[in-house]
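Here's the structure we're looking at; comments come further down.
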Amino acid sequence: MSFGLYIHFPCCSKICPYCDFYVLRESEAKRAALLPYYEKELKLLSEKRPELFSQKLETIYFGGGTPSLLGPEQLAGLLELTKSHFDVSADAETSLEANPNDLLGDKPNAFHQLGINRLSIGVQSLNDAELKTLGREHSAKQAENAIRNIKKSGLQNLNIDLIFGVPGQTVASWRQTLEQAIKWQPAHISTYSLTIEERTTFYKLQQTGKLQLPLDELCQEMYLTGVEFLEQGDYKQYEISNFSRPGSESRHNRNYWQRKSYLGLGPSAHSFFKNQRWANVRSLPIYQRKLDVGELPLDLKETIDTKKALEEALLLGLRQKEGICLENLKKEFEYDLEKEKRELLDELTAQNFTLKENGRLRLTPLGFYVSDRIIAELFP
Ligand code: SF4
């Protein structure tokens with residue numbers, strides 16, 4: 001069984017105004033004080049859920065937050081901790097999310113030596129005005145220098161995160177960012193639409209009329225431009241927001257979409273094992289307090305029944321370019337999607353949102369752009 005480990009490091013040097021993750025701006029001392037809690041959590045889990053530890057670990061993902069704020073010694077400690085609890089596959093994909101400014105010195109080299117074999121870099125844009133709007137701390141030049149520095153370290157498996165739909169962004173400036181990004185020849189590119197979530201500064205600004213987002217038609221054009229441009233540049237789309245060179249898909253994220261098991265550590269981290277999903281509390285103090293008294297820092301726990309599992313299989317299947325195998329759906333869930341949703345599927349196909357190919361139903365690029373709407377229609 002494929003099994004992944006996600007470690008959420010919630011600290012950032014600055015909180016971006018659009019960020020909805022559980023993140024904190026903490027001092028170096030507080031960041032260091034968090035590290036022993038991963039060990040406490042693993043120890044407690046190994047007592048209470050020993051079955052999790054008989055799994056071979058195929059992927060390890062340090063996400064956040066900004067785990068590139070960790071020093072090499074701190075990261076080495078976390079990797080050692082992982083190895084002491086799990087049988088880690090020799091070819092495990094070991095990813096770390098990073099901000100460009102953390103990658104200008106010796107860190108890429110040190111991280112690579114430790115066994116990090118994939119970096120996911122929050123470049124977001126290569127236009128300085130857009131980076132400023134997004135509240136990012138780096139410039140386009142610094143991002144470029146970081147990439148050059150990483151390449152010197154020999155670490156080849158890079159993902160570049162980019163954002164479209166930024167206030168003030170145009171299709172031309174988005175295209176320039178994409179053109180520049182593919183010149184670096186990263187193995188993987190993710191393009192995310194800027195979405196305004198309730199807990200963010202951007203939400204407050206939008207509510208008070210101080211933030212003007214590009215019109216939806218413009219965002220759609222940017223998305224479709226990105227898909228076309230990247231596909232022409234030899235990046236194959238395999239998920240709504242993800243493009244890779246052949247064989248460089250994110251194994252860790254793909255496991256999520258294929259409903260494979262994973263364990264999440266750290267505040268707000270989610271886990272999925274067998275038919276259970278659970279999430280840790282979204283609060284560092286409560287996370288620490290619970291672990292201090294020998295309690296798992298759980299916030300919610302859900303058993304996935306057949307109906308929910310079917311919904312997940314449809315929802316996650318449609319996120320992926322390969323879509324859903326209609327026969328498998330019948331075998332696994334005794335559910336005939338075409339029979340149940342015939343009228344709706346006919347409509348979606350007529351609107352060029354879905355297509356059926358070789359027994360699979362999948363979304364078109366236009367369908368991906370409106371996937372939230374399609375999914376809401378499929379599961380009212
Ligand atoms: S650096 Fe990333 S995780 Fe941190 S606040 Fe910004 S977007 Fe969120």
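Atoms within each ligand, like the ligands themselves, are counted from 1 in listed order.
In this structure, atom 2 (Fe) of ligand 1 lies nearest to the protein heavy atom Arg136 NH1, 4.0 Å. With respect to atom 1 (S) of ligand 1, the closest heavy atom belonging to the protein is Asn99 ND2, 3.5 Å. The closest protein non-hydrogen atom to atom 6 (Fe) of ligand 1 is Cys16 SG, 2.4 Å. Of all protein heavy atoms, the one closest to atom 8 (Fe) of ligand 1 is Cys19 SG, 2.3 Å.
Every residue two or more places apart in sequence or in another chain that forms a side chain to side chain donor-acceptor pair (under 3.5 Å) with Glu327 is listed here: Lys330.
Across the listed options Cys12, Cys11, Pro17, Cys12 owns the non-hydrogen atom lying nearest to atom 4 (Fe) of ligand 1. Nearest-heavy-atom check against atom 3 (S) of ligand 1 across Gly135, Gly65, Ser68 picks out Gly65.
Which parts of ligand 1 touch Lys14 is read off a 4.0 Å heavy-atom cut-off, strictly below it: atoms 5 (S). The Thr66 neighbourhood of ligand 1 comprises atoms 1 (S), 4 (Fe), with distances under 4.0 Å to a heavy atom of that residue. In the vicinity of Val23, heavy-atom distances shorter than 4.0 Å reach the ligand 1 atoms 3 (S).
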Item to check | Test log, rule salt bridge (charged side-chain N to carboxylate O under 4.0 Å, His left out), inputs Lys132 and Glu130 | outcome: CA-CA 5 Å; Lys132 195 165 171 224; Glu130 290 167 16; over 6 Å; no
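Not close to ligand 1: Glu97, with no non-hydrogen atom less than 4.0 angstrom away.
No salt bridge links Asp128 with Lys141; every basic N to acidic carboxylate O contact stays at or beyond 4.0 Å.
Side-chain atoms of Thr82 come within 3.5 Å of backbone atoms of Leu78 as a donor-acceptor pair (strictly under, hydrogens ignored).
Few gaps surround CD on Gln220; more than 12 heavy atoms of other groups in view lie less than 6.0 Å from it.
Within the 4.5 Å cutoff, the side chain of Asn242 has heavy atoms near those of the Trp257 side chain.
Checked against a 6.0 Å centroid threshold, the rings of Phe62 and His252 do not count as neighbours.
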